[in-house]
Amino acid sequence: MSKLIYMDNAATTKVLPEVVDTMLPYFTEKYGNPSAIYTFAEQVSKDVATARETLAGVIGAKVEEIYFTGGGSESDNWALKATVEAYKNKGNHIITSKIEHHAILHTCAWLEKQGVEVTYLDVDENGLVKIEDLKKAIKPTTILISIMTANNEIGTIEPIKEIGAIAKENGILFHTDAVQAFGHIPINVDEMNIDMLSASGHKINGPKGIGLMYIRKGVKIKSFIHGGAQERNRRAGTHNVPGIIGFAKAAEIAVAKMDERIAYETKIRDHIIKRIEDEIPYVKINGDRVKRLPNNVNVCFRFIEGESMLILLAQQGICGSSGSACTSGSLDPSHVLLAIGLPHEIAHGSLRLSISDETTKEEADFVVDELKKIIERLRSMSPLYEDFVKKQNK
Amino acid sequence: MSKLIYMDNAATTKVLPEVVDTMLPYFTEKYGNPSAIYTFAEQVSKDVATARETLAGVIGAKVEEIYFTGGGSESDNWALKATVEAYKNKGNHIITSKIEHHAILHTCAWLEKQGVEVTYLDVDENGLVKIEDLKKAIKPTTILISIMTANNEIGTIEPIKEIGAIAKENGILFHTDAVQAFGHIPINVDEMNIDMLSASGHKINGPKGIGLMYIRKGVKIKSFIHGGAQERNRRAGTHNVPGIIGFAKAAEIAVAKMDERIAYETKIRDHIIKRIEDEIPYVKINGDRVKRLPNNVNVCFRFIEGESMLILLAQQGICGSSGSACTSGSLDPSHVLLAIGLPHEIAHGSLRLSISDETTKEEADFVVDELKKIIERLRSMSPLYEDFVKKQNK
Amino acid sequence: MYSEKVMDHFSNPRNVGEMENPSGVGTVGNAKCGDIMRMYLDIDENGVIKEAKFKTFGCGAAVATSSMATELVKGKTIQEALEVTNKAVMEALDGLPPVKVHCSLLAEEAIHAALWDYAQKNNIKIEGLKPPVNDIEELEEEEEY
Amino acid sequence: MYSEKVMDHFSNPRNVGEMENPSGVGTVGNAKCGDIMRMYLDIDENGVIKEAKFKTFGCGAAVATSSMATELVKGKTIQEALEVTNKAVMEALDGLPPVKVHCSLLAEEAIHAALWDYAQKNNIKIEGLKPPVNDIEELEEEEEY
Ligand SMILES: Cc1ncc(COP(=O)(O)O)c(C=O)c1O
Ligand SMILES: Cc1ncc(COP(=O)(O)O)c(C=O)c1O
């Protein structure tokens, strides 16, 4: 393996050296518990407050509307479970989509077992929630709409402003899983009428194990993790101070260079997509071409299976991911690819390349070059391709 | 403020420099998601496996019985809520004690609202659960006993081996909140018949925001945080790799020097206790004198209130904590001090000094010297002391 | 957590002490809740507060508000002293954390209680002054620790 | 995740390819589940497998087990080949991750399917061989992407 070409930034990202530097003092020097009253901890408490301010700023929220959690999954679980608990007198119906992250979908499945009614909206072939479907799904008992800001597999950016407006019109809370979008694309909770929002540190070159939930003032919310009085009694547990500080630093950097990064990543992304489409036959680009995360490439190569492709890519130092069942140990391929209408056998051959602003054009080209060889090689050993070619030649 | 004398290690601890060093590569180099299949992440996955092994070893558990969480509070919430869910066909009665951490008590309060029956056992004046009371509390519907290994305020070590034996005899699951004990005193889940155990990284000179739950093989357990397939489908969320690695390193060090540290801390602890008792009148040492965490001093000074004492200590660079209501913003002082039978006014004057193996005898002496002056000063301005002295002189 | 003013009045409290023969003394608060304030006032024949002393069992805010309250009432007439509200005390201290606001109420009550005592002793009625809610409980005779 | 042996057989799969006139050919698996294995056998008049070829659509384990299975049956008699179980294939590969065990079953099935085809063509009965469950579905004629 030569150089490492990391194109799995939607899974997790490298922590920026400046972020690590900012975190370091909080391990060995400023290690005090911010809840303590002695001077030694007071500075830590102030630094946590500043971090909260920075993070609130990313989405136009107020400081006191930001709650720290242990990650995106916890935020998602909290948002759904606590809303159901807090609003049970109003109703017990939730609307979400078929392409949400498992942190939402599996929580919904659990809630269904507790008697909650969940509507899973279909999406169109690009992965977009259909506004008309959403409107039709609303009932008098609907308490929450939870639609992700951007999809983690195919990169499609949902019309959350429209969804927020509909939620508001109908007096329904709107939660959005912004784990893939926070710090990557502009979000404003007021303009978009977002009542709750989940984000995670490690998707924006910040640390793992820290996340946040935005909860609009006035939204009734129960605790999910009960215990100490941290986070204004809403989320117990000693503050993960280095995590919080690192998350805020990463967000600060992400916001400062957002425009520049979007422009750059979009260019590289589209270059990869164009070359794949031009140079490799029998492929399908997944996700919306325009309403798309700047760092996301998702493509299905027919007649081959994703895991084999990933291993061969890895042998060239290239890190990508696949919605293939074989990478997850289940039998069905990605629920997202099935939801946009792909047949199983095609969904199995998917590849997600999620780039960063450190991805160079040379790397992009190298990846496509290797990919061409790999696809050819795998097709040459694929019985599906054999059959396909025979059929063509008939 | 001269030197910092940190005696609040029960709240949180300094991360050891060796621990930070071990974590560092996982931020910027080995940042891959351990669930990924490429070689780059495979090493990370192996390192996480090794860390799990180390942590399992601390309590004599099997590797596959350790589940990573975001901290002690999450583990406690998970243990209680998921057991109730998994065993609802068996019963809905839980037994715990009045001196548990809020992560247990507030979770129990929440469960009570969901219809779960909870028995809160009294403790004796030293904070020990009474085995006879426990036996009497058991019903056919009892599904779980949750008693902490050691109390975070008064340091009392509970008879968990006896409790485990009783739980086993009666076919009831036994969970113990070992957040204060893990890595500090010997624990063996088999010898002590522990079925579930909570621990947290930042109490043993490891990082904040990482915890674990031990779940004995065969125990039915539901997820608490639903989502991805991490932790064998039981705890979703991208692994906090640096946290895991740091937690394991801290545990490794803690275990290696456990005997030595217990001996040293016990000596310093008892020196502080003796000097306070010998040199300051109207004091009460809280917690068991023998069955006691080696790092815990807890004492009530009559006629004074804890927060004032903490601030004056802080002005001398000394970090301690108090069970006084005023430090928490509530009106009642520590539930633990009330549970061991202290009247409110005395409980308000409590001080916890939790030392470490870096605490020197000189520091201990300095703290007691300062404390003497502070207590005298606060008493001289206390109307309660004024009344008391007048009464004495009558 | 606390403003500099609060820290100053906590670290160097003004007017701590007792008084031999106070014109009025009042004790408010409750040991159970962790706050007791006792205020002594020396009031001259013109109804001017010449001296004020306090003793306080309580948190940093309780001590600081007691200290500030004694400073504020000194030199004031009884009527002026009645206007030393908890708000005035807080403002003079550059504010208090939200959870500590109740401490400033205690300071106001302590002034009122001491004035009430003065009124009782001298058998006069002070306009606008209500009897204090004396919720301090007798120190129980506990066993010695 | 995979043993070195698995990685070797995946990266340098033995016997990949088609056969012009195979004595028997069998295709097992299901594109929906992401695994299809096709095995070609060349069997001589003594019932000895002279040559084996495969094509596989599937994960690393699927490819490696196909490769190993072809290696294992080569040179074996039909009866011996029937004893090349999934366990034998796995062992020869130094094991597979638990979630991948089903791939080794596929390899066993592929051998059986090819032998079944051979038996059918030659109208013979092979002791202990059951007809393959042919669950591969016709590739639907989807629109071109
Ligand atoms: C006994 C006990 N249980 C649980 C906790 C909660 O742990 P954490 O703060 O890591 O969530 C603590 C410490 O705060 C504790 O001392
Ligand atoms: C859209 C989305 N939601 C939720 C999550 C879960 O976040 P975390 O892994 O930080 O718990 C992820 C990433 O894994 C994600 O991409």
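Excluded from the calculations below are hydrogen atoms, water molecules and symmetry mates; all remaining heavy atoms, backbone and side chain alike, are included.
For B:F224, the parts sitting under 4.5 Å from any heavy atom of chain A are the backbone and the side chain alike. Contact annotation for B:T13: only backbone heavy atoms (N, CA, C, O) come within less than 4.5 Å of a heavy atom of chain A. With a threshold of 4.5 angstrom between heavy atoms, B:N77 approaches chain A through side-chain atoms but not through N, CA, C or O. Looking at B:T107, the atoms closer than 4.5 Å to chain A (heavy atoms on both sides) sit in the backbone and in the side chain alike. Heavy-atom distances place the side chain of B:L24, and not its backbone, under 4.5 Å from chain A. For A:E42, no part lies under 4.5 angstrom from a heavy atom of chain B. There is no contact between B:L105 and chain A, counting heavy-atom distances below 4.5 Å. With a 4.5 angstrom heavy-atom cutoff, B:Q114 touches chain A only via side-chain atoms. B:E85 touches chain A through its side chain: at least one heavy atom from C-beta onward sits under 4.5 Å away, while N, CA, C and O do not.
Note: A:D8 leads A:V241, A:D8, A:V20 in heavy-atom pairs under 4.5 Å with chain B. Here A:N240 is the residue among A:D76, A:N240, A:N205 with the most heavy-atom pairs under 4.5 Å with chain B. Considering only heavy-atom pairs separated by less than 4.5 Å from chain B, the leading option among A:G211, A:G320, A:P242 is A:G320. Ranked by heavy-atom pairs shorter than 4.5 Å toward chain B, the options A:S321, A:G209, A:S200 are led by A:G209.
Relative ring orientation between A:Y38 and B:Y6 is described as perpendicular, the plane-to-plane angle rising above 60° on a 0-90° scale split at 30° and 60°.
Taking CD1 from A:I225 and CD from B:E74, the interatomic distance works out to 4.5 Å, rounded to the nearest 0.5 Å. Here B:L310 contributes atom CG and A:T39 contributes atom OG1; the two are 10.5 Å apart, rounded to the nearest 0.5 Å. Between atom NZ of residue B:K208 and atom CG of residue A:N33 there is a gap of 7.0 Å, rounded to the nearest 0.5 Å.
When every heavy atom of A:Y31 is checked against every heavy atom of B:L4, the shortest pair comes out as OH-CD2, 4.2 Å. Listed here is the closest heavy atom pair of A:H102 and B:G228: CB-N, 4.1 Å. Shown here for A:K81 and B:H226, the closest heavy-atom pair between the two residues is NZ-ND1, 2.9 Å. Counting all heavy atoms, side chain and backbone alike, A:A11 lies closest to B:T238 at O-OG1, 4.4 Å. The minimum heavy-atom distance between A:I37 and B:I311, with the atom names listed, is CD1-CG1, 4.0 Å. In terms of heavy atoms, B:S73 sits closest to A:G237 at OG-CA, 3.3 Å.
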task: May I have the step-by-step check of side chain to side chain contact (heavy atoms under 4.5 Å, CB included) for B:F27 and A:M23, ending in yes or no?
output: CA-CA 11 Å; B:F27 289 115; A:M23 291 167 70; 3.9 Å; yes

